[in-house]
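Throughout, numbering of the chain's residues begins at 1 and tracks the sequence.
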Amino acid sequence: MILSAQSIRKLGIISPFNERTVTSGLSYGLSSCGYDVRIKEPVILRGARQFSLASTIEHFDMPLNVVGRVHDKSTWARRGLAIQNTIIEPNWKGYLT
């Protein structure tokens, strides 16, 4: 089952938590059935086939009965950046990298 915005808000698993926000053309925060995270560090790629790591500003505290799915954000994909799609396991706590 995909959780609704109301369910995500009620669980309190994301900190700091933001309602949907748009800044400098980028959206982040709660959407109708997901949450768009922000990255803490600037990402600077100096050429083709470059690699960089970045962590989220948001910290996750997953309950035992919830699995998170991490997907690319289209805004970043249009700029040529892609992320590794992954799963956030139940009971996992930390920042996404």
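We find the NE2-OG1 distance between His71 and Thr86 to be 10.5 Å, quoted to the nearest 0.5 Å. Interatomic distance, Ser27 OG to Asn18 CG, rounded to the nearest 0.5 Å: 11.5 Å. A distance of 5.5 Å separates CE in Met1 from CG in Leu3, rounded to the nearest 0.5 Å.
Considering every non-hydrogen atom in both Ala5 and Ser31, the closest pair reads CB-O, 3.2 Å. The two residues Leu30 and Phe17 have their closest heavy-atom pair at CD2-CZ, 3.8 Å. Listed here is the closest heavy atom pair of Leu64 and Pro90: O-CB, 3.3 Å. Nearest heavy atoms, Ile14 versus Tyr35: CD1-CG, 3.5 Å. In terms of heavy atoms, Gly68 sits closest to Met62 at N-CE, 3.6 Å. Annotation for Arg38 and Pro16: closest pair NH2-CG, 3.9 Å, computed over non-hydrogen atoms.
Under the 3.5 Å distance criterion, the side-chain polar atoms of Asp61 are left unmatched by any main-chain donor or acceptor of Trp92. In this structure a side-chain-to-backbone donor-acceptor pair under 3.5 Å is present from Thr21 to Glu19.
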Intermediate values then yes/no, side-chain contact (heavy atoms from CB on, under 4.5 Å), Leu11 and Val66: CA-CA 10 Å; Leu11 282 171; Val66 175; 4.0 Å; yes

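Seen from the ring of Phe60, Lys93 does not count as a face-on cation partner, given the 6.0 Å and 45° thresholds.
Connection of Leu26 to Ile83 is not established within any shared hydrophobic cluster, with ILVMFWY side chains joined at heavy-atom distances below 4.5 Å, either directly or through further cluster members. Cluster membership for Ile57 and Ile8, using ILVMFWY side-chain heavy atoms within less than 4.5 angstrom, is not shared.
Inter-residue side-chain proximity for Tyr28 and Val37 is flagged as unmet; no heavy-atom pair is nearer than 4.5 Å. With contacts defined as side-chain heavy-atom distances shorter than 4.5 Å, the pair Val70/Asn85 does not qualify. A 4.5 Å side-chain heavy-atom check between Pro63 and Ile13 finds at least one atom pair inside the cut-off. The closest side-chain heavy-atom distance from Asp36 to Lys73 is below 4.5 Å. Using a 4.5 Å heavy-atom cutoff, the side chains of Glu58 and Ser15 are not in contact.
Residue-environment remark: CD (Glu41) exceeds the threshold of 12 foreign heavy atoms within 6.0 Å. The local environment of CD1 in Ile87 is crowded, with over 12 non-hydrogen atoms from other residues, nucleotides or ligands closer than 6.0 Å. Atom NZ of Lys10 has 12 or fewer neighbouring heavy atoms from other residues, nucleotides or ligands inside a 6.0 Å radius.
Gln6 and Ser4 share a donor-acceptor pair across their side chains, judged by distance under 3.5 Å alone.
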